[in-house]
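Here's the structure we're looking at; comments come further down.
What you see below is based on every heavy atom in this structure, not just the backbone, and it leaves out hydrogens, waters and symmetry mates. Positions are given from 1 along the sequence.
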Amino acid sequence: MHNFEKLKIWQKAMDIAVVVYEISLLLPDDEKFNLIHQIKKCAVSIPSNIAEGSGRNHNKEFIQFLGIANGSTFELITQLILAKRLKLINEEIVQPVISQLVEVSNMNFSFQKTLKTL
């Protein structure tokens, strides 16, 4: 069992979730039940799955939840790119978040490798 609040990957994922919620306020209201909902759902899923996995009994289970978190990371990147392509949000806002998501994904893959060796 791991203390998820001390995990750097969880902390970074939480920071991203806050930023994504702030970005969602910039999107048009008519996207409230579509893209905005999906973006928020993915942003919350990343730290949530890290936290849930940390509370599991075995590292194998934790790795499974880290994999789900990584899937949500790539899903969120895709949704942010889509919002940019649809001109709902500009590059200057989206790119720093995408860079942070790539960093979290890299941390996630490294963390999974570490857990496999324990």
Side-chain angles (χ1 to χ4, degrees):
M1 183 157 339
H2 301 265
N3 183 349
F4 67 89
E5 291 175 291
K6 291 185 179 180
L7 294 173
K8 197 106 169 138
I9 187 173
W10 179 83
Q11 293 168 4
K12 286 184 177 281
M14 286 292 287
D15 292 343
I16 291 169
V18 170
V19 170
V20 168
Y21 263 72
E22 292 168 353
I23 288 173
S24 72
L25 296 172
L26 303 173
L27 297 170
D29 286 340
D30 64 339
E31 285 296 330
K32 186 174 187 176
F33 299 107
N34 297 311
L35 194 55
I36 293 172
H37 174 75
Q38 283 298 114
I39 286 171
K40 286 180 173 181
K41 187 176 173 183
C42 284
V44 170
S45 175
I46 300 165
S48 296
N49 276 292
I50 294 166
E52 185 172 354
S54 73
R56 296 298 173 138
N57 295 324
H58 304 286
N59 283 345
K60 186 174 181 181
E61 291 175 289
F62 194 1
I63 291 166
Q64 180 181 356
F65 280 90
L66 289 172
I68 295 168
N70 232 14
S72 294
T73 301
F74 286 104
E75 187 177 355
L76 181 54
I77 290 170
T78 299
Q79 292 161 359
L80 292 171
I81 292 169
L82 178 61
K84 182 181 73 171
R85 284 185 171 191
L86 292 171
K87 296 179 178 36
L88 300 174
I89 199 141
N90 64 40
E91 174 83 18
E92 295 78 30
I93 292 172
V94 170
Q95 196 52 53
V97 180
I98 290 173
S99 295
Q100 290 174 336
L101 286 162
V102 169
E103 179 184 3
V104 164
S105 177
N106 290 336
M107 290 173 70
N108 190 329
F109 283 126
S110 295
F111 191 31
Q112 288 181 55
K113 284 181 186 177
T114 301
L115 289 173
K116 287 178 184 176
T117 63
L118 297 178

Would you list the atom pairs, donor with acceptor, under 3.5 Å between side chains in residues 70-79 and any protein atom, with sequence neighbours excluded?
| unit_1 | atom_1 | unit_2 | atom_2 | d |
| --- | --- | --- | --- | --- |
| Asn70 | OD1 | Ser105 | OG | 3.2 |
| Ser72 | OG | Ser45 | OG | 2.7 |
| Ser72 | OG | Ile68 | O | 3.4 |
| Thr73 | OG1 | Ala69 | O | 2.9 |
| Glu75 | OE2 | Gln79 | NE2 | 3.4 |
| Thr78 | OG1 | Phe74 | O | 3.0 |

_Between Val94 and Ile81, does the side chain to side chain contact (heavy atoms under 4.5 Å, CB included) criterion hold? Intermediate values first, please._
CA-CA 8 Å; Val94 170; Ile81 292 169; 5.5 Å; no
*Can you measure from CD (Glu103) to NZ (Lys12) and round to the nearest 0.5 angstrom?*
4.0 Å
*Between Ile39 and Ile23, is any pair of side-chain heavy atoms under 4.5 Å apart?*
no
*Expected output: side-chain Glu31 to main-chain Pro28 donor-acceptor under 3.5 Å*: no
*Can you list the steps and then say if Gln95 with Ser99 is a side chain to side chain contact (heavy atoms under 4.5 Å, CB included)?*
CA-CA 6 Å; Gln95 196 52 53; Ser99 295; 3.6 Å; yes
_So, taking the atom named CD1 in Ile89 and the one named CG in Leu82, what distance separates them when rounded to the nearest 0.5 Å?_
12.0 Å
*For the atom pair NE2 (His37) and OG (Ser24), what is the distance rounded to the nearest 0.5 Å?*
12.0 Å
*Within the distance-only criterion (no hydrogens, no angle test), does the side chain of Asn59 pair as donor or acceptor with the backbone N or O of Phe62 below 3.5 angstrom?*
no
_Nearest-0.5 Å distance, CD1 of residue Ile50 to CG of residue Asn108_ = 6.0 Å
_Ser54 OG to Leu66 CG distance, which is reported to the nearest 0.5 Å_ = 9.0 Å
*Does Val44 belong to the same Ile/Leu/Val/Met/Phe/Trp/Tyr cluster as Phe4, with side-chain heavy atoms less than 4.5 Å apart forming each link?*
no
*Which distance, rounded to the nearest 0.5 Å, do you find between the CG of Leu80 and the CG of Leu88?*
11.0 Å
*Do we see a donor-acceptor contact under 3.5 Å between the side chains of Gln38 and Asn34?*
no
*Is it true that Phe65 and Met14 fall in one hydrophobic cluster, defined by side-chain heavy atoms closer than 4.5 Å?*
no
*asked:* Taking Leu26 as the starting point, is it possible to reach Tyr21 by hopping between hydrophobic residues whose side chains are less than 4.5 Å apart?
replied: no
